[in-house]
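The figures here come from the full heavy-atom set of this structure, side chains too, leaving out hydrogens, waters and symmetry mates. Proteins come first, then strands; the chains are lettered A, B, ... in the order of their sequence lines, and each starts at number 1. Note that the structure is predicted; figures quoted are calculated from it, not measured.
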2 protein chains.
Amino acid sequence: MTERTYTPATAASGVQAALRLLDGRWKLEILFHLFDGKVQRFSTLERLIPGISQKMLAQQLRQLEADGLIVRTVYNQVPPKVEYHLTGWGQALCPALDALLTWAERKDAPPSAPDA
Amino acid sequence: MTERTYTPATAASGVQAALRLLDGRWKLEILFHLFDGKVQRFSTLERLIPGISQKMLAQQLRQLEADGLIVRTVYNQVPPKVEYHLTGWGQALCPALDALLTWAERKDAPPSAPDA
DNA sequence: CCGTATCCGCTGGGATACTG
DNA sequence: CAGTATCCCAGCGGATACGG
């Protein structure tokens, strides 16, 4: 039962901390390719995400892993095989992103009675 | 009844479009000082937000206004007085940020049965 | 197949000074 | 009071090349 009294400053810094985990040109697209239990290999993600370079894919994956959003699984075989999937916490991000998406789509929606 | 079939790519770009509106070192803190119907003057925000410069405050406010999140009201008097408040859409962002905050705080929370 | 190393351009944001 | 104008620099991300 921790305190829930947010000042504007603490609330803002809390949200910013969350957003920092998503900061990076490719992280959201990577995450959306892993939502819903999907498991992807490095090369698969590379194909799924047009325009990404190996450097950026590796970097963003490392950061997501370090932040506890995804899990990296290495299979010691030749040729190498590495798979990525979401942690429970990473998956839990989905509804929050949904909320953001829903909000963004309401930009031009009238308050009520769309048709007459 | 628009389509709701999101591919990972479209969902990601939608969320990124939303996040772009919040991008900027100070925007979240500004927003949190305006949530819940609060109306603030330029100089008040300057006091409320430690470390912000006039340049950054003005810039972030302009962008938030251009993006339709806040409204700028100028009173033609001496000395000048300018007030800022959220649009309905801007206020509607609050629950989405709440979702993000809640998610971030669950990082170290056990799945269930916190105590024994 | 799955990365790392290096170089480099661009932009976000800080410091500072000035104005209607 | 409420801004603009200018200069400057750190860091993100793209391009390219190389390694286990």
Exam field: side chain Lys107(A) to backbone Asp67(B), donor-acceptor pair closer than 3.5 Å: yes
Residue-level proximity of residues 32-53 of chain B to DNA chain C when a heavy atom falls under 4.0 Å: none
dA2(D) phosphate, OP1 or OP2, under 4.0 Å from Arg62(B) side-chain N/O: no
Ser43(B): side chain to side chain contact (heavy atoms under 4.5 Å, CB included) partners, not counting sequence neighbours: Arg41(B)
Any residue meeting side chain to side chain contact (heavy atoms under 4.5 Å, CB included) with Ala104(A), in chain and number order, not counting sequence neighbours: Ala18(B)
Spacing of Ile30(A) atom CD1 relative to dC2(C) atom P, expressed in whole Å: 14 Å
Selection residues 79-102 of chain A - residue pairs positive for side chain to side chain donor-acceptor pair (under 3.5 Å), sequence neighbours left out: Arg72(A)-Tyr84(A), Tyr75(A)-Glu83(A)
What side-chain donor-acceptor pairs closer than 3.5 Å can you find for residues 22-38 of chain B, not counting sequence neighbours?
| from | atom 1 | to | atom 2 | distance (Å) |
| --- | --- | --- | --- | --- |
| Lys27(B) | NZ | Asp23(B) | O | 2.9 |
| Lys27(B) | NZ | Gln63(B) | OE1 | 2.8 |
| Lys38(B) | NZ | Phe35(B) | O | 3.2 |

side-chain hydrogen bond (donor to acceptor under 3.5 Å, both in side chains) partners of Thr7(B), counting only residues at least two apart: Thr10(B)
Under the side chain to side chain contact (heavy atoms under 4.5 Å, CB included) test, residues paired with Ser13(B) that sit two or more places apart: none
Collect all protein-nucleotide pairs involving nucleotides 9-13 of chain D in which both atoms are nitrogen or oxygen and the distance is under 3.5 Å.
| from | atom 1 | to | atom 2 | distance (Å) |
| --- | --- | --- | --- | --- |
| dG13(D) | OP1 | Arg25(A) | N | 2.8 |

Summary of salt bridge (Lys or Arg N to Asp or Glu O under 4.0 Å) pairs that have at least one residue in residues 48-66 of chain B, sequence neighbours excluded: none
Test side-chain hydrogen bond (donor to acceptor under 3.5 Å, both in side chains) applied to Glu105(B) - qualifying residues, sequence neighbours left out: Tyr6(A)
Phosphate-side-chain proximity, Tyr84(A) and dC2(C), N/O vs OP1/OP2 below 4.0 Å: no
Working for side chain to side chain contact (heavy atoms under 4.5 Å, CB included), residues Leu19(B) and Leu19(A): CA-CA 9 Å; Leu19(B) 293 185; Leu19(A) 292 185; 3.8 Å; yes
Helix axis bend for the helix from dC1(C)-dG20(D) to dG20(C)-dC1(D) - C1'-based end axes, five pairs, 10° rounding: 50°
Nucleotide dG12(C), atom P - distance to CG of Leu22(B) in whole Å: 15 Å
Nearest non-hydrogen partners of Leu21(B) and Leu64(B), listed with the distance: O-CD2, 4.0 Å
d(CD, Gln54(B); C1', dT19(C)) in whole Å: 11 Å
